[in-house]
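In this chain, numbering begins with 1 at the start of the sequence shown.
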Amino acid sequence: MGGWDDLRADHGKLTVRALRALLVVVLVGTVFVQALMVWTLVSGSDPEDGALPLTALRVITILGMVSVQVALVCVWRLVTMVRRGTVFSHASFRYVDGVIGAIVAAALVWFAVTAINVPGQRDDPGVTVIMGGVGVAILGVALIVLVLRMLLARAVARDVEAAQMQAELDEVI
């Protein structure tokens, strides 16, 4: 006769499975894009003859995919910690810091793309401004994750404090 706890547990398992499936799809996609970019760079068979320096953009794309992959691996590890009930520990900070670093790296990669794109946008500088705004928004996501990290730090500190109080209480009893 399941209650709310059973429903929440089932919902939690479904959410974790859906998130892991999404992480796998995105990871496979990024590896595929990287492989295509590396193949194009190595083979010298660039199918496009554009005005932008495509080699630089391909290298930047490869680096951008690495930042996404780092974030994916860190999120996977955090989801694993959630399932095990160990996410409120000091070990989780390493993965949250990895996500923050990956987001900042992605913003830097985006700013590099923006800088490479500037010469082609002399007639329409609004595109460059919009691209710069997107980079700032990416940095904003890093700040949001940093605030969430601070909340995690408070939760871990309270968990440690509760464990100490429980130990003191056990000694008294």
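Atom CG of L63 and atom CE of M37 lie 12.0 Å apart (nearest 0.5 Å). Note that the OG1 atom of T86 and the CG atom of L78 stand 9.5 Å from one another [nearest 0.5 Å]. Distance CD/Q164 to CG/D159: 10.5 Å, rounded to 0.5 Å. Atom-to-atom distance recorded for M165:CE and R158:CZ is 11.0 Å, nearest 0.5 angstrom. One finds the CE atom of M81 at 8.5 Å from the CZ atom of R84 (value rounded to the nearest 0.5 Å). Atoms CD1 and CD1, on I100 and I144 in that order, are 11.5 Å from each other to the nearest 0.5 Å.
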(request) Go through the steps to decide whether V75 and L23 satisfy the test side chain to side chain contact (heavy atoms under 4.5 Å, CB included), and finish with yes or no. (result) CA-CA 8 Å; V75 169; L23 293 174; 3.9 Å; yes

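Looking at heavy atoms from C-beta onward, I62 lies in side-chain contact with L41 at the 4.5 angstrom threshold. Looking at V96 and L148, their side chains never come closer than 4.5 Å, going by heavy atoms from C-beta outward. You'll find the side chain of T80 stays beyond 4.5 Å of the side chain of Y95, heavy atoms only. Counting heavy atoms from C-beta on, the side chains of Q34 and V66 come closer than 4.5 Å.
W76 and F93 fall within the same hydrophobic cluster, where Ile, Leu, Val, Met, Phe, Trp and Tyr residues are linked whenever their side-chain heavy atoms come under 4.5 Å apart, directly or through other members. The hydrophobic cluster containing V33 also contains V42, counting ILVMFWY residues as joined when their side-chain heavy atoms lie under 4.5 angstrom apart, directly or transitively. Criterion: ILVMFWY side-chain heavy atoms under 4.5 Å apart, direct or through other members. Under it, M150 and V87 are not part of a common hydrophobic cluster. Taking hydrophobic clusters as Ile, Leu, Val, Met, Phe, Trp and Tyr residues chained together by side-chain heavy-atom distances below 4.5 Å, V141 shares a cluster with L152. Linking ILVMFWY side-chain heavy atoms closer than 4.5 Å, directly or via other members, places V70 and V26 in two distinct hydrophobic clusters.
For T30, the side-chain hydrogen bond (donor to acceptor under 3.5 Å, both in side chains) test picks out Q69, with sequence neighbours left out.
Counting heavy atoms of neighbouring residues, nucleotides and ligands inside a 6.0 Å radius, atom CZ of F32 does not exceed 12 of them. At most 12 non-hydrogen atoms from other residues, nucleotides or ligands lie less than 6.0 angstrom from CZ of F88.
Between the side chains of T15 and R20, no donor N or O sits under 3.5 Å from an acceptor N or O.
Contact detail for G64 and V109: the closest heavy-atom pair is CA-CG1, 4.0 Å. For the residue pair V156 and S89, the shortest heavy atom distance occurs at CG2-N, 3.5 Å. Minimum heavy-atom separation, A102 to S67: CB-O, 3.2 Å. A112 and I60 make their closest contact through CB-CD1, 3.8 Å (heavy atoms, listed as atom of the first residue, atom of the second, distance).
For the salt bridge (charged side-chain N to carboxylate O under 4.0 Å, His left out) condition, the pairs that include at least one residue of residues 93-110, sequence neighbours left out, are D97-R149.
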